[in-house]
Enquirer: 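Sharing a structure with you now.
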Amino acid sequence: MLENMTGLKRTHYCGEVDETILGQEVVIMGWVQHRRDHGGLVFIDLRDRTGLLQTVFNPQEDEATHLKSHDVRSEFVLALRGTVRRRPEDMVNPNLKTGQVEVFIRELRVLNRAQTPPFQVEDHADVNENVRLKYRYLDLRRPKVLNNFILRHQVASLTRNYFADKGFLEVETPVLTKSTPEGARDYLVPSRVNQGQFYALPQSPQLFKQLLMVAGLDRYCQIVKCFRDEDLRADRQPEFTQVDLEMSFVEQDDVIEMLEGYIRLLFKDIMNLELPPHFPRLTYDQSMRRYGNDRPDLRYDLEIVELSDVLAHSEAKVFAESLARGGCIRGICAPGAASFSRKQLDDLVAFAISVGAKGLAWIKITDEGWQGPLAKFLTDEEKAAVAKTLAAKIGDVIFFGADTVEVVASVLGQIRSRVAQELGLVQEGQFRLVWVTDFPMFEYDAEGKRWAAVHHPFTSPRDEDLDILESDPGRVRAKAYDLVLNGNEIGGGSIRIHRPDVQAKVFKALGIDEEEAQLKFGFLLDALGYGAPPHGGCAFGLDRIVMLLAGAPSLRDVIAFPKTQKATCPLTDAPGTVDLRQLMELGLRLDIKKS
RNA sequence: GGGGACGUAGUGAAGUGGUCUAACACGUCUGCCUGUCACGCAGAAGAUCGCGGGUUCAAGUCCCGUCGUCCCCGCCA
């Protein structure tokens with residue numbers, strides 16, 4: 001019943017058939033999108049990667065072929081031979097790229113049949129994501145899904161071209177490498193020939209690209225898979241792809257300039273958008289103060305404003321107490337938010353609590369005065385001062401955060417983005433890029449009671465802060481920079497340490513003694529001792545960039561075979577158990593606690 | 001580790017303790033149809049309401065547990 005292709009060679013993709021080849025005989029191959037049987041005439045829409053094409057089976061032209069078309073069903077794989085004709089004028093389909101023409105079929109071969117698909121292979125079909133992922137090969141047949149991967153290909157291709165043009169060499173770094181206990185959890189791979197020992201899958205090729213700089217390769221770039229065994233989010237997958245690069249004999253601005261050129265090219269070629277030659281910059285401190293995080297969404301204002309001075313003597317208990325404990329009071333003025341319902345405000349308070357606040361004070365400014373739980377505790381002078389500081393007017397709502405500096409920043413930062421969404425301040429198609437610079441070198445890890453690297457331990461401190469590396473590590477700033485797009489960190493990098501003495505000092509500040517440093521990173525320290533050039537680089541999240549350019553809500557939409565939130569794959573059912581024999585070969589025995 | 005939402009034919013989804021013997025739409029199957037294109041018309045099949053336990057005269061509906069999916073916090077150098 002099935003036929004082969006022998007003697008037929010595809011002449012055109014479906015999407016290529018148009019008015020320029022009227023009258024020509026074409027051979028097309030693809031999947032049945034839809035069959036419309038009018039008893040006499042039969043229409044079959046054939047689909048391939050390039051689009052849809054209407055084919056016509058007319059019993060008067062070819063009775064046998066027409067008869068054959070009756071047994072065809074959705075998603076059958078066909079080879080069709082026929083003649084391209086212009087459609088009658090009132091039969092043109094403007095929704096189809098090929099809607100001006102149709103192909104009258106004289107030969108039909110069923111290359112393969114298909115079971116009824118679990119969901120309709122159409123853009124408008126609304127399907128549960130788990131079902132889509134289980135049948136991802138069907139999901140990927142849908143044009144909207146496919147388009148994300150065409151876009152992804154374009155981004156990857158432009159990336160390679162751009163960096164190749166700029167003299168970067170593409171070098172592959174190992175996937176089986178050494179576990180580095182700093183940072184994220186590693187995915188481990190047991191070694192059979194070295195029992196009891198493990199490789200780690202790289203969280204990034206960081207150390208290898210630095211070694212390539214020591215080697216004198218000067219400029220390196222790689223589109224590379226990285227792995228982190230941490231809990232997932234919509235914008236976080238356990239394996240993801242980085243555009244990883246490194247340059248020698250550069251300082252921060254050299255790297256930034258190179259990357260600005262790259263991002264400008266992406267937006268120009270893919271989005272047809274002209275970005276400014278330089279992107280705005282914020283220091284980490286500015287960003288934390290004004291936006292509550294280190295990845296500010298600049299598509300809207302709603303800045304966080306310091307109110308500690310203005311409310312220094314406030315009667316309100318929450319304000320007085322947090323100031324007394326060394327915390328702060330900050331506020332956001334949400335223009336026009338007085339239209340929020342009581343439920344909306346209650347939901348915001350609940351949201352604030354869910355992200356770590358003890359509560360969220362708000363005040364509505366109406367023509368009848370200030371309304372809200374805290375309004376009566378504020379004097380007229382305080383109201384005036386608050387209104388002036390926030391430029392608040394009638395119709396606005398002010399949200400107050402009073403707690404430690406960290407909690408206030410984090411909570412108001414999240415309130416800021418939620419309020420912006422609810423007020424409709426986020427416009428589709430806007431792209432706001434910003435560099436965040438001058439990150440702190442270290443942050444105090446209260447749990448481990450030690451200083452930890454904010455970026456990674458190979459990041460160079462700023463020259464002027466070298467002196468306080470030991471005395472005041474919390475104040476040391478790093479030569480590190482993140483690129484933020486619409487509130488998403490899409491890339492980050494730094495100038496690295498190239499001097500062994502500085503690297504040793506940083507390890508010391510991190511509480512890593514010489515022996516431990518030698519054990520974990522000895523090969524890097526050795527390399528730095530053999531003439532490492534000043535160098536720095538960056539890594540971009542390719543998946544995230546594609547996600548944002550595609551306007552997709554999740555990384556899963558731009559990864560061909562992504563994992564679920566529990567890091568499983570509905571298609572392959574990975575991860576899975578293995579045979580006892582496989583474990584024995586590796587010298588492993590399971591010891592799983594049942595809870 | 002924690003908070004929240006969801007789970008009903010192949011798919012989407014209605015349902016708020018009592019004709020639920022489970023609506024509707026798409027898909028599937030059968031028949032009819034020569035200009036449709038998310039074709040149309042007539043008919044049919046298809047659901048132990050995620051799983052387990054409980055409350056109740058009565059559970060898709062309420063409660064507890066469990067599994068799965070999603071969103072968020074922690075975590076992600």
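Just so we're on the same page: letters track the sequence lines, and every chain starts at 1.
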Enquirer: Roughly how far apart, to the nearest Å, are G10(B) and G3(B) at atom C1'?
Expert: 35 Å
Enquirer: Mapping Gln206(A) and Pro88(A) to their closest nucleotides on RNA chain B, which lands nearer the 5' end?
Expert: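 The residue mapped nearer the 5' terminus is Pro88(A).
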Enquirer: Show your working on ring-ring contact (aromatic ring centres under 6.0 Å, His included) between Phe521(A) and Phe458(A) and close with a plain yes or no.
Expert: CA-CA 10 Å; Phe521(A) 311 111; Phe458(A) 322 108; 5.3 Å; yes
Enquirer: Between G40(B) and A22(B), how far is it from one C1' atom to the other, in whole Å?
Expert: 29 Å
Enquirer: Measuring only the P atom in each nucleotide, how far is U21(B) from G60(B)? A whole number of Å is fine.
Expert: 8 Å
Enquirer: Looking only at atom P, what distance separates C20(B) and C6(B), rounded to whole Å?
Expert: 25 Å
Enquirer: In whole angstrom, give me the gap between the P atoms of A5(B) and U28(B).
Expert: 37 Å
Enquirer: Does Glu102(A) get its side chain close enough to the base of G35(B), under 3.5 Å, for a donor-acceptor pair?
Expert: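 Indeed there is one.
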Enquirer: Quick one, give me the B/S/- string for nucleotides 68-76 of chain B, reading 5' to 3', where B means a protein heavy atom under 4.0 Å from the base and S means that only happens at the primed atoms, P, OP1 or OP2.
Expert: SSBBSBBBB
Enquirer: Scan every strand shown for a Watson-Crick or G-U wobble partner of G68(B), both distances under 3.5 Å, and answer none if you come up empty.
Expert: C6(B)
Enquirer: Find which nucleotide of RNA chain B each of Val56(A) and Arg35(A) is nearest to by heavy atoms, and output the residue with the more 5' nucleotide.
Expert: Val56(A)
Enquirer: If you measure from the P atom in U16(B) to the same atom in C29(B), how many Å do you get, rounded?
Expert: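 About 34 Å, rounded to a whole number of Å.
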Enquirer: So what does Asn93(A) hit on the nucleic acid, given a heavy-atom distance under 4.0 Å: a base, only sugar-phosphate, or nothing?
Expert: base
Enquirer: So, does Arg36(A) get its side chain near the phosphate of A38(B), meaning an N or O under 4.0 Å from OP1 or OP2?
Expert: no
Enquirer: Pick base, sugar-phosphate or nothing for Pro570(A), based on heavy-atom distances below 4.0 Å to the nucleic acid.
Expert: nothing
Enquirer: Could you tell me how far apart Leu41(A) (CG) and C37(B) (P) are, to the nearest whole angstrom?
Expert: 13 Å
Enquirer: Roughly how far apart, to the nearest Å, are C63(B) and U48(B) at atom C1'?
Expert: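 Taking atom C1' in both C63(B) and U48(B), they lie 22 Å apart.
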Enquirer: Assign Asp90(A) to base, sugar-phosphate, or nothing according to its heavy-atom contacts below 4.0 angstrom with the strands shown.
Expert: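 Asp90(A): no heavy atom of the nucleic acid under 4.0 Å.
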